[in-house]
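Since we're looking at a predicted model, the values are computed, not measured. All ligand and atom numbering here is 1-based and tracks the order in the structure.
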Amino acid sequence: MEEKKTSPKAEKLFAVKGMNDILPPDSGRWEALEDQVRRLMRRYAYENVRTPIVEPTALFVRGLGQVTDIVEKEMYSFVDRLNGEALTLRPENTAGVVRAAVEHALLYNGPKRLFYIGPMFRHERPQRGRYRQFHQIGAEALGFSGGEVDAELILMAHALWKELGLTDVALQINSLGQPDERKMHRDALVAHFDQHHNVLDEEAKRRLHLNPLRLLDSKNPAMQTVIEAAPRLIDFLGAASKAHLATVTAILDANGVAYTINPRLVRGMDYYNLTVFEFVTTQLGAQGTICAGGRYDYLMEQVGGKPTPAVGWAMGVERVLDILKSQGSAQSLPLPDAYAIVPDAQALPAAMVCLQALREAGASVLMHASTPDGLASIKSQFKRADSSGARYALVFGADEMALGEVTVKPLREPDAPQVRRPLGQAAQWAHSLQSPA
Ligand code: ATP
Ligand code: MG
């Protein structure tokens, strides 16, 4: 036997570890969720914002805080080879939105409600619900100081869980107070942890005098008892901070939204004050937080703007979709209305005029097209039509084309008759292909 001559194959390339390709049919679930979120945001009158994926590193160091997990160990930072700028792939989008708002004087005419959808980057250990490129949907209300906007944001997220059919989502709230209250609490924290210095791990020892609040966020099991016994920030709150929290909870109560006050809840970024919250599910193991946020009244100043109160949240898209999938929710985009079967290439010009008119009229049509093996047999075209999920096959055969017609064959109802339709009047019958919305 003669040996087959093949050119050497180029070596395969793979996606970066912890960064996922989102492919059909999963990508359909992504789009469906995004569509749903866009409709939700419109109903709450939040406007879309899109900021660059790359920002100056200083934005995150200043905005999120030097002594945080993200800035200390999770950022994809690099020096631009061409001009030496220190840049970072955004690990979150709040700092970027605030930077953009300051840069473009976005609040010149009053406060703004904004939302974003997009990829974020953190160099973490990849595992279920934790990736190096992941996606967040976030909402930010800039320029509002009252607790009612904190509540509005929480109600909006809560409404989304309800619409998605997510059960088992618990809301936890805490107040991180104001800088003066944090200062008193900080001193008490340092004193407490100093007394238990022997149980602290190396990271905790290092952070104790730099950012003791971070110790409360530690996941080290050996430190949990001493963390449990630590002074609680909530006990250091003054009247105004307590009143702010009460405004939020009164609105949640009135709306029948259940929550627990968790005095141990601190967030991973330094920019938070007053209200912080998390929506947690038991369905994802350790990665149970699907949405988190809070107030960040001092961030705007931190990045060079005027003092401006603000509040927001971000949800992890992968985690929400993971739950929806394991709940078996039928979340996906609709299938095509019709599959166009083209037995002979000669039919293509006239057939494609008809298809353009159908699509213009709103029908979704998938057309059979040739591959390196040619235009398949009618039989295998019908097989394709069947597996496409389309409800109808449109047959552009020579017989019907000669009469200026196309055959419309129902694929999902065995008893329904097939009909002929005029090629030239597609706009008139396009609606008969479409499923009722
Ligand atoms: P965690 O404690 O799970 O690390 P976090 O406090 O770092 O979360 P935030 O920065 O508040 O998370 O981000 C908001 C949401 O984004 C999280 O609740 C989560 O749903 C999602 N998220 C954060 N990091 C990741 C990641 N690496 N992969 C996937 N989703 C993530
Ligand atoms: Mg994290």
Stepwise ring pair (Phe, Tyr, Trp, His ring centres under 6.0 Å) check, Y46 with F115 | CA-CA 6 Å; Y46 281 63; F115 80 94; 7.9 Å; no
Is the distance between the ring centroids of W313 and F277 less than 6.0 Å? no
Open item on the list: Is the ring pair H196/H192 parallel, tilted or perpendicular, if the boundaries are 30 and 60 degrees?
Closed with: tilted
Whether over 12 other heavy atoms sit under 6.0 Å from K383 NZ
no
**Prompt:** Should the ring pair Y76 and F121 be called parallel, tilted or perpendicular, given that the plane angle runs from 0 to 90° and is split at 30 and 60?
**Reply:** perpendicular
Hits for salt bridge (Lys or Arg N to Asp or Glu O under 4.0 Å) against R50, two or more places apart or cross-chain, chain-then-number order -> none
Under 4.0 Å from ligand 1, residues with heavy atoms, in chain and number order, are R122, E124, G129, R130, Y131, F134, Q136, K219, R267, M269, T289, I290, C291, A292, A314, G316, R319
